[in-house]
Amino acid sequence: MTIPQASGAASPVARPDELLLSVQDLQVEFSTSAGVVRALDGVSFDVRAGQTVAILGESGSGKSVTAQAIMALLPQPAGSIVGGRILYGGVDLAAAPVRTVRELCATEIAMIFQDPLSSLNPVHRVGAQIAELFQRRRGTPKKEAWAKALTLLKRVGIPDAETRIRDFPHQFSGGQRQRIMIAMAIALEPKLLIGDEPTTALDVTVQQQVMNLLADLQAETGMGMILISHDLGVVAEVADRAAIMYAGRIVEAGGIREVYDNPAHPYTQGLLNSIPSNTAAGERLNPIVGSPPNLLALPSGCSFHPRCPFATQLCREKSPALRHPEGWAADHSGACHRTEEVLTHG
Ligand code: SF4
């Protein structure tokens, strides 16, 4: 089954491998009563059509702030982009009026949020909420819009969709609500889909089903995807690239297999060691010691040094730049002074 073609001005289909989004040296700050927080500090990555980029890290690493900056959803008035560019279709979203970004986000860039219950309107039937997208954005007549909504609900695997289309959000399970959010997100055939912890509230089996659904939809539409997660296991099978974030910076980036098989940053190694499925039966989980840093008082040098088993005096004094050491796979880069030792002994 294919995703229905909406009437009106659908966004043009992206060419395979077309560069959709280029985030360049992005810097975001928040003004708080305790001072200015640098939430993103020089974040750069690209997303191409048909590609899935996973942005990974613990809470507070800057993953969601990255998505909020792209979608012009930074909390106001505290959050602001203070440097860098977000290039999408020739437009710098970092410098464009919010109205322009919101218009693009309504038609070409879609987002799936962590909590579908708070994202869906509790007093409207799910069919009406999906149909409204076609009616408002494409001028689709009501009856046709409901037919498209039904097709979408079937596409995302809602059982007995002909009946359930008239149900309210609270009448669905958590997994079904997330599927409905996905249906709404893909309704207007976005070129780019951003999932911010889209499976966090779901059990492991449903998590995998939702990830498989997103991968199927991507294969069908050629859209680019950004998947944000704290769980490296969840995105392992669907992502093409990984960007590991810590304290507002990307500390390792590369092809997903390269990053997972040859993690070159102690933080990436720690995250991978924390995945339950990477731990043999009977073995204790191996979490990273310590906590993410307070962004108002970042440690000197490499901000990971208080938690890092490889830390030396140099690490405490100098912040490592993201670099591509000789002999690494193409596009694999890491921000660590001791990458070679980490690769050998980690
Ligand atoms: Fe650890 Fe030093 Fe590398 Fe930072 S630069 S991750 S402290 S070894």
Side-chain angles (χ1 to χ4, degrees), residues 23 25-29 37-45 53-66 83-84 228-233 235-236 239 241-275 278-279 284-346:
V23 176
D25 196 24
L26 185 62
Q27 293 155 51
V28 168
E29 288 183 354
V37 168
R38 175 62 65 100
L40 294 185
D41 190 8
V43 168
S44 301
F45 64 93
V53 176
I55 301 181
L56 306 162
E58 296 167 295
S59 295
S61 59
K63 312 180 302 291
S64 294
V65 173
T66 303
I228 291 169
S229 181
H230 67 280
D231 186 337
L232 275 67
V235 300
R241 295 187 58 75
I244 312 293
M245 291 194 70
Y246 189 76
R249 302 179 68 201
I250 292 177
V251 296
E252 182 163 3
I256 190 94
R257 284 274 53 96
E258 189 60 25
V259 170
Y260 277 39
D261 293 345
N262 300 300
H265 195 285
Y267 181 56
T268 312
Q269 293 185 348
L271 291 174
L272 287 166
N273 288 337
S274 312
I275 300 175
N278 281 358
T279 307
R284 292 172 69 88
L285 281 178
N286 201 2
I288 305 171
V289 294
S291 308
N294 177 354
L295 296 180
L296 277 165
L298 280 176
S300 60
C302 173
S303 53
F304 188 60
H305 85 249
R307 308 172 73 187
C308 181
F310 293 88
T312 63
Q313 190 55 30
L314 174 64
C315 306
R316 288 182 269 277
E317 293 173 354
K318 188 177 174 196
S319 177
L322 201 60
R323 64 192 173 99
H324 171 71
E326 204 175 316
W328 283 26
D331 294 340
H332 189 185
S333 53
C336 175
H337 293 307
R338 305 193 64 203
T339 287
E340 287 72 16
E341 293 95 323
V342 172
L343 270 170
T344 307
H345 302 295

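Remember, it's 1-based here, ligands and their atoms both numbered in the order they're listed. Hydrogens, waters and symmetry mates play no part in the numbers below; they use all other heavy atoms, side chains included. Keep in mind that what you see is a predicted model, and the values were worked out from it rather than measured.
- Under the salt bridge (Lys or Arg N to Asp or Glu O under 4.0 Å) criterion, the residue pairs touching residues 255-265 are R257-D261, with sequence neighbours excluded.
- T66 OG1 to L40 CG: the interatomic distance, rounded to the nearest 0.5 Å, is 4.0 Å.
- Separation of atoms NE2 (H230) and OG (S64) is listed at 11.0 Å; rounding is to 0.5 Å.
- Annotation: protein N, O or S atoms under 2.8 Å of atom 3 (Fe) of ligand 1 (waters excluded) comprise C336 SG.
- Between the Y260 side chain and the L232 main chain, a donor and an acceptor come within less than 3.5 Å of each other.
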Would you list the atom pairs, donor with acceptor, under 3.5 Å between side chains in residues 305-314 and any protein atom, with sequence neighbours excluded?
residue: H305; atom: ND1; partner: S300; partner atom: O; Å: 3.1
residue: H305; atom: ND1; partner: C302; partner atom: O; Å: 3.0
residue: R307; atom: NE; partner: V289; partner atom: O; Å: 2.8
residue: R307; atom: NH1; partner: E58; partner atom: OE1; Å: 2.9
residue: R307; atom: NH1; partner: Y246; partner atom: OH; Å: 3.3
residue: R307; atom: NH2; partner: E58; partner atom: OE2; Å: 3.1
residue: R307; atom: NH2; partner: G290; partner atom: O; Å: 3.1
residue: T312; atom: OG1; partner: L314; partner atom: N; Å: 3.4
residue: Q313; atom: OE1; partner: R316; partner atom: NE; Å: 3.3
residue: Q313; atom: NE2; partner: E317; partner atom: OE2; Å: 3.0

Going by atom type alone, with no hydrogens or angles, which donor-acceptor pairs under 3.5 Å involve a side-chain atom of residues 323-332 and a protein atom two or more places apart or on another chain?
residue: R323; atom: NH2; partner: C336; partner atom: O; Å: 3.2
residue: H324; atom: ND1; partner: H332; partner atom: O; Å: 2.8
residue: H332; atom: NE2; partner: E252; partner atom: OE2; Å: 2.6

